[in-house]
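See below for the structure under consideration.
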Number of protein chains: 2
Amino acid sequence: MARLSRKESHALTRERLISTASALFLADGYNVTSLERVATEAGFSKGAVYSNFATKHELGLAVLDRVRLERAVSLAEAVADAGDAEARIEAFAAWAEDNIGDVGWTTLEVEFATSTRHLPEVRPRLADRRREITQIVASLIDQQSEELGLALPMPSEDAAVQLLSLGIGLGVQRAFDPELPVRSLVDLLRSMLDRARAVSR
Amino acid sequence: MARLSRKESHALTRERLISTASALFLADGYNVTSLERVATEAGFSKGAVYSNFATKHELGLAVLDRVRLERAVSLAEAVADAGDAEARIEAFAAWAEDNIGDVGWTTLEVEFATSTRHLPEVRPRLADRRREITQIVASLIDQQSEELGLALPMPSEDAAVQLLSLGIGLGVQRAFDPELPVRSLVDLLRSMLDRARAVSR
DNA sequence: GTCTATAAATCGATAGAC
DNA sequence: GTCTATCGATTTATAGAC
């Protein structure tokens, strides 16, 4: 076992901080979680946090980048394998139930956005990330409709905005009212597909 | 001019506090606005706030109740007068541009919900209000489709959930990225109406 | 690079005078 | 019912030791 270089060690504590911050932010929320708590739970002191992240929202952005990537990969995997359109919708429905139902993600994203939207150094980066994830979802839609031989009734980017926005809205409401079903999201996708079939004939 | 009774005076300062709190919460956000600031701007001291509202989130709920009612009325009025279906969609589009575009409302609603969702005395009331506003929107949809002689492709409550969720999601994203157009919301409504026509024939 | 100790500032909420 | 004064608790961020 080789000794860790300074860079490797630095990267490792950074990783560990992001990991435990993810868990805490998702479980308890961004505002309510102090950096003290993050540091302690990760096995460090607050000083270590500040030697890795200039501010709390810098850590917040890093956490969200990681969580967002995880969920995007998870979604892509969920719908990739399935067979025909109906099977893929079922796969999406199951994913939505676990992930839009996993209220923490959307809620964290939204709590962070609404709490930091006034900070001039954060705002443009939120916008960048929004466009990024919209493009990712649009690409996924393009890929899926190509595989299924369908032409959507609208540009894939518009479909992505619709699905993402609906998902965000649902996630927020489910954060305080878990009774609300994710069905609407699946319904929207299904209605898109129905209209796509008609077009492609 | 009669002297104000104790009750009237109390109601008046309560009104004034809600008014200025609305303005401040909408402009700057809920968390960032201190009760000190609300009190001063309304021409009172912090003690007056606490003699009218037990806690800050109690004031927050009162503010949201007022804002929500205002917007619901404004929406109902906007679509009430118009003529055929297309004219009503245009009216809705204009309303959405000004109100979903008026980022403050959605953002405040969402910031408050994500920030207070853990408080046991707030959470159930958020859920109550969600169901309430969903019912209001559903009623509006019922009324509209009856006037237009249309049968929607889904229960009006499902349509309400879809439109509300999409509106919330859009509003949140527009809070930090105003470039995002409200078009998707209008598109969704239009697609509902298109399918409604087909059903009613 | 990390830790300890502390600064600095804020804010929600309360107590008591009027 | 409102005002003044203050408590009490918290948190981000920094300074200096190791």
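Reminder, nothing fancy here: chain letters follow the sequence lines and each chain counts from 1.
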(request) Starting from the 5' end of DNA chain D, give me the residue, B/T13 or A/T55, whose nearest nucleotide shows up first. (result) B/T13
(message) Apply salt bridge (charged side-chain N to carboxylate O under 4.0 Å, His left out) to residues A/R190 and A/E86 and explain how you reach the verdict.
(response) CA-CA 9 Å; A/R190 203 180 294 272; A/E86 192 50 39; 2.9 Å; yes
(request) Mind calculating the distance between OH (B/Y50) and C1' (C/dC11) to the nearest angstrom? (result) 8 Å
(request) Starting at atom CD of A/E36, determine the distance to atom C1' of D/dT14, rounded to an integer number of angstrom. (result) 14 Å
(message) Please classify the nucleic acid contact of A/S45 as base, sugar-phosphate, or nothing, using heavy-atom distances under 4.0 Å.
(response) base
(message) Counting the atoms with a prime plus P, OP1 and OP2 as sugar-phosphate, which does A/S51 contact under 4.0 Å by heavy atoms, base, sugar-phosphate, or nothing?
(response) base
(message) Could you walk me through whether B/S191 and B/R195 satisfy the side-chain hydrogen bond (donor to acceptor under 3.5 Å, both in side chains) test, starting with their C-alpha distance in whole Å, then the side-chain angles of each, then the deciding distance to 0.1 Å, before giving a yes or no?
(response) CA-CA 6 Å; B/S191 105; B/R195 282 174 292 152; 3.1 Å; yes
(request) In whole angstrom, give the distance that lies between atom NZ of B/K56 and atom C1' of C/dT14. (result) 17 Å
(request) Could you state the atom-to-atom distance from CZ of B/F53 to P of C/dG12 in whole Å? (result) 14 Å
(request) Select from B/K46 and B/H10 the residue whose nearest nucleotide in DNA chain D is closer to the 5' end of that strand. (result) B/H10
(message) If I take atom OH in residue B/Y30 and atom C1' in nucleotide C/dG12, what distance separates them, rounded to the nearest angstrom?
(response) 10 Å
(message) With rounding to the nearest 0.5 angstrom, report the OH to OG1 distance, A/Y30 to A/T114.
(response) 11.0 Å
(request) Please determine which of B/R71, B/R129, B/R125 meets the salt bridge (Lys or Arg N to Asp or Glu O under 4.0 Å) test together with B/D65. (result) B/R129
(request) Examine C/dT2: is either OP1 or OP2 under 4.0 Å from a nitrogen or oxygen in the side chain of A/N52? Give yes or no. (result) yes
(request) Round to the nearest Å and state the distance from A/E8 atom CD to C/dG1 atom C1'. (result) 15 Å
(request) Among the candidates C/dG12, D/dA13, C/dT2, find the nucleotide nearest to the side-chain atoms of A/L35. (result) D/dA13
(request) Rounded off to whole Å, could you give me the CZ-to-P distance for the B/R16 and D/dG1 pair? (result) 16 Å
(message) Distance check needed: D/dA13 C1' versus A/L59 CG, whole Å only.
(response) 14 Å
(request) Give a yes or no on whether the backbone of B/L180 and the side-chain of B/R174 come within a donor-acceptor separation of less than 3.5 Å. (result) yes
(request) Could you please name the option among C/dT14, C/dC3, D/dC3 that lies closest to any side-chain atom of A/A48? (result) C/dC3
(message) Quick check for you: among D/dA13, C/dC11, C/dA13, whose closest atom lies nearest to any side-chain atom of B/S34?
(response) C/dC11
